[in-house]
4 protein chains.
Amino acid sequence: MPRAHTDTLDRLFSAAVELFGERGYAGTTVDEIVERAGVAKGTVYYHFRSKSELVSALLDDGLRRLAESFRSEIAGAPGGDAALRALVHAELAYIERYQAFSKLVMSEMWRADRDWRDSLRTLREQYVEVFAGALRRGMAEGDFRADLDAQTTASTIFGMIATAALDWLVFDPQAALDDVERRLLPLVLGAVRAPG
Amino acid sequence: MPRAHTDTLDRLFSAAVELFGERGYAGTTVDEIVERAGVAKGTVYYHFRSKSELVSALLDDGLRRLAESFRSEIAGAPGGDAALRALVHAELAYIERYQAFSKLVMSEMWRADRDWRDSLRTLREQYVEVFAGALRRGMAEGDFRADLDAQTTASTIFGMIATAALDWLVFDPQAALDDVERRLLPLVLGAVRAPG
Amino acid sequence: MPRAHTDTLDRLFSAAVELFGERGYAGTTVDEIVERAGVAKGTVYYHFRSKSELVSALLDDGLRRLAESFRSEIAGAPGGDAALRALVHAELAYIERYQAFSKLVMSEMWRADRDWRDSLRTLREQYVEVFAGALRRGMAEGDFRADLDAQTTASTIFGMIATAALDWLVFDPQAALDDVERRLLPLVLGAVRAPG
Amino acid sequence: MPRAHTDTLDRLFSAAVELFGERGYAGTTVDEIVERAGVAKGTVYYHFRSKSELVSALLDDGLRRLAESFRSEIAGAPGGDAALRALVHAELAYIERYQAFSKLVMSEMWRADRDWRDSLRTLREQYVEVFAGALRRGMAEGDFRADLDAQTTASTIFGMIATAALDWLVFDPQAALDDVERRLLPLVLGAVRAPG
DNA sequence: AATGAATGAGAATTCATTCAT
DNA sequence: CATGAATGAATTCTCATTCAT
């Protein structure tokens, strides 16, 4: 029964990402994960060499999903401005859908000494590159200011969206995503648009 | 050889904040803290009921410092625009000076079930209020767009500055603070300024 | 090498009861227990939430054994007098066989603020009730004085036997149980028998 | 001011005996003692070499008091029977007055490995000897059974009274001492009196 | 005579990992 | 594939004791 395998892994992934998001990597125990997943403790070590390999797999998985989400969102955008709007929407939607994963990433991003450090670096490079691409298009089209440094602007805007989204989820959870987007979008566009 | 009370606590605080910033709360052991502080293990438990109470005290202390820094920075600013520039500078300077504390705050801000949850809430409210004040002045003076929601804009801009600063410290540490500020300031001002 | 579940718990129980009997609860370390039991330290915490829960389990176990021992002893006794003789014998035999447990109970019985307080209360109620039953039979049959208060007499006689037995074990260990019983029985019977 | 010294020691003694009675020797910390006594921690080590020396001093003190109480009580008793009645009264009164000390003694009496083991042995020998003296007088006068072993009977009766008294204090504290004595006395006298 | 900050060895508890089934 | 009892090193926390004041 091939379903069984996938099912077990899915339960493990969901439980792990939720808990890591809530309590952080070091603050989450394997016991808590297996309890929430409803599987036995040995099962984790049947599928993964260690706790840190579990988190690596988790990051790689989430990373793949984020990249896909960004790429498909930006695909049909006619210009840099439209692409940036689409990315704001995509990032907010992603964070809403994968809250736990997003919290995990924001909490562990600045750590120095982790085994899965590289997964996070790759994650960051990918999304920064997608944002930077949209920015460069907008600059080339004259919509965005020409003096922007695409790289740093990209990571700054990514962080701006991420903190706004998490702030909303944690401190004002009953607000609608649409409202958040409506308030955030002018700030993002204002930050990069050419004046006049 | 008993030390002066303040000295012992200072050493403990410095060591703890550095390590928590580097490795997170759960990733840091009390042994590591006391070794770096050069005090005995019992000393932590003489002054604090537990490891988590040490973090609370740490947060309260850093919070006080941040609020002071903001208030003194903003004091002489002639208007909303100048105040916002001053706050960008102050936040960057604070994060550079208290890197470890800043990482700690960013890592723990989104956690749900921590003992020091309240300290973090208070911290957030205070700095959001300072930013919101500057924004309201700028809106009243016509420099900033009139349709801004001061609260959410404030927290978004704070997060924008914080992620930019941490990104710089972690991924591009040899860059100068001045450069970061020069690249960041137009984005922040563009985000809130009235067009035209 | 995992052992059968029952075996591990048995070894833990035996080791713990011996040590608690010798040194008291607070005077016994978990390290000493696991060393004597020949298991790893984590095993205690796999089976019990804490050291104090181990004591509770121990008390509940010993309590069950004592109740069984009393009930089977008294079963065939033809009258109150015979039942009381049987109980004296049963209690002495129990204390000789479960010395450590008995010392533990006598040491902790008068404590106010323990986690296992309820286990001890139940223990006391059960044995007092068995003694009181025998006393009531003897009173109804006219062998025992009619003015006895069955409850308080029961607990007094239980304590009388217990202190005599422990005194013997601690201060005169080479004496035979038979001798102790021979010297004790007239005192017990004299205490309750109707004169004449 | 010579009062001060005595006062401090008194507070220390009271606090220590109460806590040792409630929680046992090993279960009581020096911190708890000094907190209840309202003195600083160093004070204990100014007056005593160690925690175990404090308990030794405590035992010696209580022991002296018990011996005095017994001796004065028995002094005017005309015969063995009257002396035994007086001792029952004295022991009950002592336990009521020095509850904590009594609990301490009963809880630690059966331990093997204590520093102050000898103090307890001496205590036991003294009170057993007083009871044995009364018994011997009663046997000589023909009031008590001639086949009693004075030593074991003495310790048994002491334990009988002690457990009855503690049982009363712990499990039925609102009862009056007089009632306890009235119910206990016939049992004690019945245990040793010559029949007929 | 008394204090209380500081100590560090030792005790309780946690937790990632292993392995026989 | 999956289990869960067992492990033991690492970790948090305790507490009797010291000592400069």
Task: Pair pattern of DNA chain E in dot-bracket, where unpaired bases get dots and | marks partners in another strand, Watson-Crick or G-U under 3.5 angstrom - done: .||||||||||||||||||||
TODO: Scan V44(C) against the nucleic acid and name what it touches under 4.0 Å (heavy atoms): base, sugar-phosphate only, or nothing.
DONE: nothing
Open item on the list: Under the rule for side chain to side chain donor-acceptor pair (under 3.5 Å), what residues qualify as partners of K41(B), not counting sequence neighbours?
Closed with: D31(B)
- [ ] Please determine if a side-chain N or O atom of H47(D) lies less than 4.0 Å away from the OP1 or OP2 oxygen of dA1(E).
- [x] no
Open item on the list: Go nucleotide by nucleotide along DNA chain F from the 5' end; which of T28(D) and G42(C) gets its closest nucleotide reached first?
Closed with: G42(C)
- [ ] Round to a whole Å and report the spacing from CD of E35(A) to P of dT3(F).
- [x] 14 Å
Open item on the list: Under a 3.5 Å distance rule, please check whether S102(A) uses its side chain to pair with a backbone N or O of Y98(A) as donor and acceptor.
Closed with: yes
Task: Smallest separation among heavy atoms of F20(A) and R111(B), with atom names - done: O-NH1, 4.1 Å
Open item on the list: Main chain of S50(C), side chain of E53(C): is a donor-acceptor contact present, judged purely on distance under 3.5 Å?
Closed with: no
- [ ] Sequence neighbours left out, what passes side chain to side chain donor-acceptor pair (under 3.5 Å) with R11(D)? Give chain and number order.
- [x] none
Open item on the list: Whether T8(C) contacts dA6(F) is assessed here as follows: a side-chain N or O lying under 4.0 Å from the phosphate OP1 or OP2. Is that the case?
Closed with: yes
Open item on the list: With heavy-atom distances below 4.5 Å as the criterion, would you say the side chains of F171(C) and W110(D) are in contact?
Closed with: yes
Open item on the list: Distance check needed: dA11(E) C1' versus R23(C) CZ, whole Å only.
Closed with: 14 Å
Open item on the list: Looking at every non-hydrogen atom in both residues, tell me the closest pair between V17(A) and A100(A) and how far apart they are.
Closed with: O-CB, 3.2 Å
Open item on the list: Under 4.0 Å from OP1 or OP2 of dT13(E): is there any side-chain N or O of Y45(C) that close?
Closed with: yes
Open item on the list: Both D31(C) and Y46(D) contact DNA chain E. Taking the nearest nucleotide for each, which residue is further toward the 5' end?
Closed with: Y46(D)
Task: Set of salt bridge (charged side-chain N to carboxylate O under 4.0 Å, His left out) partners for E35(D), sequence neighbours left out - done: none
TODO: For T43(B), report the nucleic acid contact type (base, sugar-phosphate, nothing); a contact means any heavy atom under 4.0 Å.
DONE: base
TODO: Report the distance from atom CD1 of I33(A) to atom C1' of dT17(E), rounded to the nearest whole Å.
DONE: 13 Å
Task: DNA chain E contacts made by residues 49-59 of chain C, counting heavy atoms under 4.0 Å - done: S50(C), K51(C)
Open item on the list: Just the rounded figure in Å: distance from P of dA2(F) to CG of D10(A).
Closed with: 12 Å
Open item on the list: Could you report the tightest heavy-atom contact between A26(D) and G27(C), atom names first, then the distance?
Closed with: CB-N, 3.9 Å
TODO: Check the distance between dA16(F)'s C1' and E32(D)'s CD and give it to me in whole angstrom.
DONE: 13 Å
TODO: Return the value, rounded to whole Å, for the distance between atom CZ of R11(D) and atom P of dA2(E).
DONE: 11 Å
TODO: With sequence neighbours left out, write down each residue that passes side chain to side chain donor-acceptor pair (under 3.5 Å) with T28(C), or none if nothing qualifies.
DONE: none
- [ ] Write down the distance between NZ (K41(B)) and P (dT7(E)), rounded to a whole number of angstrom.
- [x] 13 Å
- [ ] May I have the distance from L12(A) (atom CG) to dC1(F) (atom C1'), rounded to whole angstrom?
- [x] 13 Å
